[in-house]
Amino acid sequence: MTRALVATVLIQAIGIGALGVKLWPAGGSPMYRTLSQEPPATVPGAIRVVPDTSMTLGDWNALLHALRLQTVSGPNDAGVYTVAPATTSSTSTAQHALQQLRTTRGIRLAESVTATP
């Protein structure tokens, strides 16, 4: 009985150790940010977009591909994505993409990250 108990505890310890190694953050950076930390750098031409919940993943990917945009981050808890030009391009291209997003059916909100209220 004692040997079985020791074997069980050993197996559990190995499992917990393996789980800890798997869940250890890569690079040691935390997944959270405090208000005292510097905000992350914004990508030039970045746009915040809120797609409609009825938009399919295929439609979303086709839209981003057509406008030559890529997802930088998101979605967050509010469903907001941050997209940016896939290549380093002029701000006029980002402005054109922003105008196209605003007129596209299935996009609830599209605003430039650098725009001030």
Side-chain angles (χ1 to χ4, degrees):
M1 179 75 165
T2 305
R3 286 183 182 175
L5 184 59
V6 169
T8 305
V9 168
L10 222 97
I11 291 171
Q12 287 178 347
I14 291 170
I16 291 172
L19 185 63
V21 168
K22 182 177 175 150
L23 296 178
W24 192 266
S29 62
M31 298 299 294
Y32 58 89
R33 191 177 68 81
T34 63
L35 294 176
S36 63
Q37 292 174 322
E38 290 291 323
T42 58
V43 178
I47 302 168
R48 289 198 178 98
V49 181
V50 179
D52 193 21
T53 56
S54 64
M55 181 176 266
T56 65
L57 183 60
D59 293 340
W60 173 252
N61 286 335
L63 176 64
L64 292 181
H65 182 69
L67 296 176
R68 294 186 175 104
L69 297 172
Q70 65 182 357
T71 302
V72 176
S73 67
N76 63 9
D77 292 339
V80 180
Y81 290 86
T82 302
V83 297
T87 59
T88 55
S89 60
S90 65
T91 55
S92 63
T93 305
Q95 289 299 325
H96 180 278
L98 178 61
Q99 291 172 354
Q100 290 291 346
L101 283 169
R102 286 179 176 166
T103 60
T104 301
R105 174 177 229 152
I107 299 296
R108 290 183 167 181
L109 175 86
E111 287 297 325
S112 176
V113 171
T114 58
T116 56

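Remember, predicted model here, so these are calculated numbers, not experimental data. The figures that follow rest on heavy atoms only: side chains count, while hydrogens, waters and symmetry mates do not.
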Could you measure the distance from the CZ atom of Arg105 to the CG atom of Asp59? Nearest 0.5 Å is fine. 11.5 Å
From Val49, Val83, Leu101, residue fulfilling side-chain contact (heavy atoms from CB on, under 4.5 Å) relative to Leu63: Leu101
If every non-hydrogen atom of Gly79 is compared with every non-hydrogen atom of Pro51, which pair is closest and at what distance? O-CD, 3.8 Å
Connecting only ILVMFWY residues whose side-chain heavy atoms lie within less than 4.5 Å of each other, what is the rest of Leu109's hydrophobic cluster? Val50, Val80
Show me the side-chain donor-acceptor pairs of residues 3-13 shorter than 3.5 Å, one per line, residues at least two apart or across chains.
| residue | atom | partner | partner atom | Å |
| --- | --- | --- | --- | --- |
| Thr8 | OG1 | Ala4 | O | 2.8 |

Under a 4.5 Å side-chain heavy-atom rule over Ile, Leu, Val, Met, Phe, Trp and Tyr, are Ile47 and Trp60 clustered together? yes
Please identify each residue that fulfils side-chain contact (heavy atoms from CB on, under 4.5 Å) with Ser73, with sequence neighbours left out. Thr82
Among residues at least two apart in sequence or on other chains, which ones pass salt bridge (Lys or Arg N to Asp or Glu O under 4.0 Å) with Asp52? Arg108
Not counting sequence neighbours, which residues clear salt bridge (Lys or Arg N to Asp or Glu O under 4.0 Å) with Arg68? List them please. none
Are Val113 and Leu98 linked, directly or through intermediate hydrophobic residues, by side-chain heavy-atom contacts shorter than 4.5 Å (ILVMFWY only)? no
Check Val72 against Ala84 and note the closest heavy-atom contact, atom names and distance. CG2-CB, 3.5 Å
What's in the same ILVMFWY side-chain cluster as Ile16, cut-off under 4.5 Å, chained through other members? none
Kindly compute the distance separating OH (Tyr81) from CG (Leu69), expressed to the nearest 0.5 Å. 14.0 Å
Okay, side chain of Arg48, backbone of Glu111: is any donor-acceptor separation there less than 3.5 Å? no
Distance from Leu19 atom CG to Ile14 atom CD1, nearest 0.5 Å? 13.5 Å
